[in-house]
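So that the names make sense, note that chain A is the first sequence line, chain B the second, and so on, each numbered from 1.
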There are 2 protein chains.
Amino acid sequence: MISDRQAKERERRKDQILKGALTVFKEKGLEKATMDEIAKQADFGKATLYYYFHSKEEIFIELLDRGWKMIWESIEPAIEDHEQPKESFMQALHIIGGLVTDNKTLFEFLFTAPQMMPGALMEGKPAWKSYQNKMYGVFQGLLEEGMAKGEFPEMQSDIMMRAIGGLFHGLFFLGHGEKRMSRETMEEFITSFIGNYGNS
Amino acid sequence: MISDRQAKERERRKDQILKGALTVFKEKGLEKATMDEIAKQADFGKATLYYYFHSKEEIFIELLDRGWKMIWESIEPAIEDHEQPKESFMQALHIIGGLVTDNKTLFEFLFTAPQMMPGALMEGKPAWKSYQNKMYGVFQGLLEEGMAKGEFPEMQSDIMMRAIGGLFHGLFFLGHGEKRMSRETMEEFITSFIGNYGNS
DNA sequence: TTATGTTTCGAATTGTGATTCGAAATTTAA
DNA sequence: TTAAATTTCGAATCACAATTCGAAACATAA
């Protein structure tokens, strides 16, 4: 019998493990990360990790699932309104930008994880993937409605998506290097990019 | 004693191995790729790979070194001239675009490899990294000169670099999915992005 | 307080895959 | 033609890290 109190305690421990795992995954990647190291980070014995999770992969997946769920839920309210697509679009980017700024480690992981993932883990429509898809779908939808309203230039929306996705990603995780950028700078930059682009 | 003929033959075999390795690395990543599989792809016995290379990592590194060297050497002549920075910039992008289009597998690998690489392999200034740095340095230089000449808007060049890098990368390796884009489309897109941006 | 359920853990176990070995095949050159 | 050098390879090693085990520590509630 599991009391309510105990359930919460378990959650806390899962979080503790997840947090440790994030640190290790982030710097070693999925393959190079060892359970020993994760255990040490999380301050548990190795075997305990297996009490809470089935496998290393499961930890990895859970991290993704929770992360993308959180992104989706943060975005959702801002995109209900389809009256001003460009505005909603900007607002959503703004929100994500805020999340990223507040928790760089997690988001760097979320946006980078797919790269470190062997195809096998993508089997069976993972939850995180569906959140990710929903999100991209909405962005692309806003783009298309924005074009229809003349708020964005006419252009294949999927290409525009790639461009903006790449831009956003590039701004945060500067492909080839070192430092990050402040929220302000990025916001200004994206705004001016989309703005200029739309106006020319 | 190694005759000239033999040396060339060796090179051919190294190429053969490298080519097989590329295929495997591309779809499995560095960790998941096995020497057995690479050997099979290259049509050699596993042990033979060790006759030509020290280790799996060495194969990986050699792939990167040769690839980046090739990029650099293709770019170099086009950027000697600093009279028209924007033009040189575009021309260089154009060249890379061409290379990419002609050899997608290799370039997807080159641009993705850093993601799959554990920090250890970055020790000791690897050759490929220095080519990469040279390249980014030149691009950034052209950007700055272009700004000085009013061909690009005033803006922190490193941020502009991230944006364009992300844009380029996004266009080719559409972060979240499936198909690629044609050279024509990409060229038009980048041109119009930089063009609009510069003019607004 | 004690029996039962829950949680923890270090020490085996196991599987996988990189690397090495040593013998054969092939090529070279005298 | 034949000895030396080069190349090839499948079958051992060997290392490493995921997973499992079984015994303790701890909590709960009767």
Side-chain angles (χ1 to χ4, degrees), chain A residues 1-63 116-121 123, chain B residues 1-63 116-121 123:
Chain A
M1 182 86 311
I2 309 138
S3 81
D4 191 50
R5 174 158 233 309
Q6 281 172 303
K8 272 176 191 159
E9 195 49 34
R10 276 195 200 178
E11 262 312 300
R12 185 175 345 286
R13 287 178 199 132
K14 280 186 109 175
D15 283 345
Q16 187 181 335
I17 292 171
L18 256 5
K19 191 174 155 208
L22 173 60
T23 307
V24 180
F25 283 141
K26 186 198 145 195
E27 76 175 41
K28 304 288 178 120
L30 173 55
E31 309 295 345
K32 289 290 190 187
T34 72
M35 289 302 259
D36 277 299
E37 207 168 353
I38 294 174
K40 189 160 52 167
Q41 271 294 328
D43 202 35
F44 274 114
K46 188 177 17 174
T48 301
L49 305 199
Y50 285 92
Y51 183 77
Y52 288 97
F53 297 93
H54 237 312
S55 66
K56 189 169 76 161
E57 267 77 20
E58 188 176 296
I59 296 177
F60 189 85
I61 293 296
E62 184 116 8
L63 230 26
M116 53 171 96
M117 217 171 29
L121 288 192
E123 299 306 320
Chain B
M1 181 85 313
I2 308 139
S3 80
D4 190 49
R5 173 160 236 307
Q6 281 172 305
K8 271 177 189 160
E9 194 50 33
R10 274 196 202 177
E11 263 311 300
R12 186 174 345 287
R13 288 179 197 130
K14 280 186 111 174
D15 282 347
Q16 187 181 335
I17 291 171
L18 255 5
K19 191 175 154 208
L22 173 59
T23 307
V24 181
F25 282 141
K26 185 198 144 195
E27 75 176 41
K28 305 288 178 119
L30 173 56
E31 309 296 345
K32 289 290 189 187
T34 72
M35 288 303 258
D36 277 299
E37 207 169 354
I38 294 175
K40 189 160 51 163
Q41 271 293 327
D43 202 34
F44 274 115
K46 188 178 16 176
T48 301
L49 305 199
Y50 285 93
Y51 182 76
Y52 289 97
F53 297 93
H54 237 312
S55 66
K56 189 169 77 163
E57 267 77 20
E58 188 175 297
I59 296 176
F60 189 85
I61 293 296
E62 183 117 9
L63 230 25
M116 49 172 99
M117 217 170 31
L121 289 192
E123 298 307 318

Practice problem: Select base, sugar-phosphate, or nothing to describe what A:Phe53 touches, counting heavy atoms under 4.0 Å on all strands. | Solution: nothing
Practice problem: Could you tell me which residues satisfy ring-ring contact (aromatic ring centres under 6.0 Å, His included) with A:Phe60, sequence neighbours excluded, listed by chain and number? | Solution: A:Phe25, A:Phe109
Quiz item: Hey, what bend do you get for the helix from C:dT1-D:dA30 to C:dA30-D:dT1 if you fit axes on five pairs at each end, rounded to 10°?
Solution: 0°
Self-check item: Set of salt bridge (charged side-chain N to carboxylate O under 4.0 Å, His left out) partners for A:Lys56, sequence neighbours left out
Solution: none
Quiz prompt | All side chain to side chain contact (heavy atoms under 4.5 Å, CB included) counterparts of B:Glu62, not counting sequence neighbours | solution = B:Lys14, B:Leu18, B:Phe53, B:Arg66
Quiz item: Below 4.0 angstrom from OP1 or OP2 of C:dT7, is there any side-chain N or O of A:Arg10?
Solution: yes
Quiz item: CD of A:Gln6 versus P of C:dG5: gap in Å, rounded?
Solution: 13 Å
Quiz item: Within the pair A:Tyr51 and C:dT7, is there a side-chain N or O less than 4.0 Å away from OP1 or OP2?
Solution: yes
Quiz item: Taking OP1 and OP2 of C:dC9, is either one under 4.0 Å from a side-chain nitrogen or oxygen of A:Thr48?
Solution: yes
Quiz item: For nucleotides 17-24 of chain D, read 5' to 3', which letter fits each nucleotide if B means a protein heavy atom sits under 4.0 Å from the base, S means only the sugar-phosphate is that close, and - means neither?
Solution: SSBBB---
Self-check item: With B:Lys19 via salt bridge (charged side-chain N to carboxylate O under 4.0 Å, His left out) - residues at least two apart
Solution: none
Quiz item: Does B:Glu31 use its side chain to pair, donor to acceptor, with the backbone of A:Glu31 at less than 3.5 Å?
Solution: no
